[in-house]
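Working notes, beginning with the structure itself.
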There are 2 protein chains.
Amino acid sequence: MSSDLRFGPDDDIDHEGPVTPYRQLAAILTARIARGDWGPNRPIPSEQRLVQEYGLARSTVRRSIRLLVEEGTVFVVPQRGTFVSPR
Amino acid sequence: MSSDLRFGPDDDIDHEGPVTPYRQLAAILTARIARGDWGPNRPIPSEQRLVQEYGLARSTVRRSIRLLVEEGTVFVVPQRGTFVSPR
DNA sequence: ATTAATTTGTTCGTATGTATC
DNA sequence: TGATACATACGAACAAATTAA
C-alpha cells in the first residue's frame with residue numbers, strides 16, 4: 001500500500017476535474033467517517049495534517065470542513081479541533 | 001470498584017475529546033462537591049494529588065481550579081489549600 | 001531552633017490547534 | 001501564502017509560607 005494514512009487509491013484530489021477540490025475532500029472525509037476511521041466525538045486530522053495529506057491549501061481544507069459542518073457531519077471547537085458529530 | 005479515591009468510572013480525562021481537560025476536571029470536582037465528598041470549608045485534594053489522580057499537568061489542574069474559583073465553587077488560601085465555598 | 005515536607009504562587013519554554021489578517 | 005494571535009496543555013524550576021518532625 002502507498003500509505004497507512006490514506007483512505008485508498010481513489011482519494012487523491014483531482015485538481016482538473018469537474019468536482020471542486022473542497023467537495024472531493026469533503027466526500028473523502030465523509031466516507032472515512034462512515035467507514036469508522038474516527039468515531040463520534042473523536043477528532044479528525046488537524047487542518048495542517050489534511051493540508052499535508054491531500055496537498056491542498058489550508059483555505060481549501062477549511063472550506064471543506066465548513067461544508068461538513070453545514071451538513072452536520074462534524075463540529076468545530078475553537079482552539080481544540082474538529083470532531084465527528086455524535087449519532 | 002476500581003479505586004476508593006476516584007469518583008467513578010466516568011471520571012477519566014479524555015485528552016482527545018472536544019471538551020478541554022481542565023473543563024473536564026472542573027466538572028468532575030463540581031460533581032464530587034455536589035455529591036458531598038467534601039463539605040463547606042473543607043479542603044479538596046491538593047494540586048499535586050489531583051495531578052497524580054487525573055494524570056494532568058499541574059498547570060492544567062490550576063487552570064481548572066481557577067475556573068472553579070471564578071464560579072464561586074471554591075476559594076484558595078495560599079500555602080494552605082483550596083476549600084469548598086460555604087453555602 | 002532546625003530541618004524537611006507540604007502547598008500554593010510564579011515564570012519560562014515548547015508544542016499543538018484553530019482564528020484572523 | 002504567509003504571518004500573527006489566542007487558547008490550551010505539558011514540563012520544569014524556583015519562591016514563599018506553613019506545618020510537622
Side-chain angles (χ1 to χ4, degrees), chain A residues 4-5 13 15-16 20-22 24-26 28-30 32-33 37-86, chain B residues 5 10-30 32-33 37-86:
Chain A
D4 292 344
L5 301 176
I13 302 299
H15 292 262
E16 305 303 317
T20 58
Y22 88 87
Q24 288 179 55
L25 177 57
I28 291 171
L29 294 177
T30 295
R32 295 187 64 179
I33 289 173
D37 280 16
W38 314 291
N41 293 307
R42 289 295 89 191
I44 67 174
S46 69
E47 295 175 355
Q48 185 49 49
R49 286 284 298 150
L50 294 176
V51 165
Q52 296 169 182
E53 285 187 36
Y54 296 96
L56 297 170
R58 192 183 163 204
S59 58
T60 302
V61 168
R62 286 174 65 77
R63 179 69 188 80
S64 187
I65 290 176
R66 199 178 86 195
L67 177 60
L68 294 178
V69 168
E70 293 170 347
E71 294 177 345
T73 305
V74 302
F75 63 98
V76 179
V77 178
Q79 278 75 54
R80 187 75 181 146
T82 300
F83 305 80
V84 176
S85 299
Chain B
L5 301 176
D10 300 318
D11 64 345
D12 283 317
I13 302 298
D14 178 2
H15 291 258
E16 305 298 318
V19 179
T20 59
Y22 88 86
R23 283 183 182 283
Q24 288 179 55
L25 176 58
I28 290 170
L29 294 177
T30 295
R32 294 187 66 179
I33 289 173
D37 280 15
W38 313 291
N41 295 305
R42 286 295 88 196
I44 66 174
S46 70
E47 295 174 356
Q48 184 50 46
R49 286 287 295 148
L50 294 176
V51 164
Q52 297 169 181
E53 285 187 35
Y54 296 96
L56 296 171
R58 191 185 162 207
S59 57
T60 303
V61 168
R62 286 177 63 77
R63 179 69 187 81
S64 189
I65 290 176
R66 197 178 90 195
L67 178 60
L68 294 178
V69 168
E70 294 170 347
E71 294 177 345
T73 305
V74 302
F75 62 97
V76 180
V77 179
Q79 280 70 57
R80 259 314 260 174
T82 300
F83 306 78
V84 177
S85 299

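Letters go in sequence order (proteins before strands), and every chain restarts at 1.
Closest to the side chain of B/A57, out of C/dG9, D/dG11, C/dT18, is D/dG11. The side chain of A/R62 lies closest to C/dT18 when the candidates are C/dG9, C/dT18, D/dT8.
B/Q48 has its CD atom 15 Å from the P atom of C/dG9, to the nearest Å. The distance between atom OH of B/Y22 and atom P of D/dC6, rounded to the nearest whole Å, is 16 Å. Whole-Å rounding puts the B/I44 CD1 to C/dT6 P distance at 18 Å. What separates CZ of B/R63 from P of C/dT11 is a distance of 17 Å, to the nearest Å. A/R66 has its CZ atom 16 Å from the P atom of C/dT18, to the nearest Å. In this structure, B/I13 atom CD1 and D/dC10 atom C1' are separated by 14 Å, rounded to whole Å. In this structure, A/E47 places its CD atom 18 Å from P of D/dA3, rounding to the nearest Å.
Interatomic distance, B/L56 CG to B/I13 CD1, rounded to the nearest 0.5 Å: 5.0 Å.
Between D/dT8 and B/H15, no contact under 4.0 Å exists linking OP1 or OP2 to a side-chain N or O. Contact check, B/T20 against D/dT8: no side-chain N or O comes under 4.0 Å of OP1 or OP2. For the OP1/OP2 pair of C/dG17 and a distance below 4.0 Å, the side-chain nitrogens and oxygens of A/T82 include no atom meeting the criterion. Residue B/S46 places no side-chain N or O under 4.0 Å from the OP1 or OP2 atom of C/dT6.
Heavy atoms of B/S59 sit under 4.0 angstrom from at least one base atom. Within the 4.0 angstrom heavy-atom criterion, base atoms lie near A/R58.
Heavy atoms only, all atoms of each residue included: A/W38 and A/I33 are closest at CE3-CG1, 3.8 Å. When all heavy atoms of B/S85 and B/G72 are compared, the pair lying nearest together is OG-O, 3.0 Å. Contact record, A/A26 with A/L67: CB-CD2, 3.8 Å, taken as the closest heavy-atom pair.
Side-chain atoms of A/R80 come within 3.5 Å of backbone N or O of B/G17 as a donor-acceptor pair.
Residues passing the side chain to side chain donor-acceptor pair (under 3.5 Å) test with B/Q79, sequence neighbours excluded: none.
Side-chain to base pairing of A/R49 with C/dG17: no donor and acceptor N or O lie closer than 3.5 Å to each other.
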N/O contacts under 3.5 Å, protein versus nucleotides 17-21 of chain D?
unit_1	atom_1	unit_2	atom_2	d
D/dT19	OP1	B/R80	NH1	3.1

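A side-chain hydrogen bond (donor to acceptor under 3.5 Å, both in side chains) check over residues 61-75 of chain B, counting only residues at least two apart or in different chains, returns the pairs B/Y22-B/R63, B/E47-B/R62.
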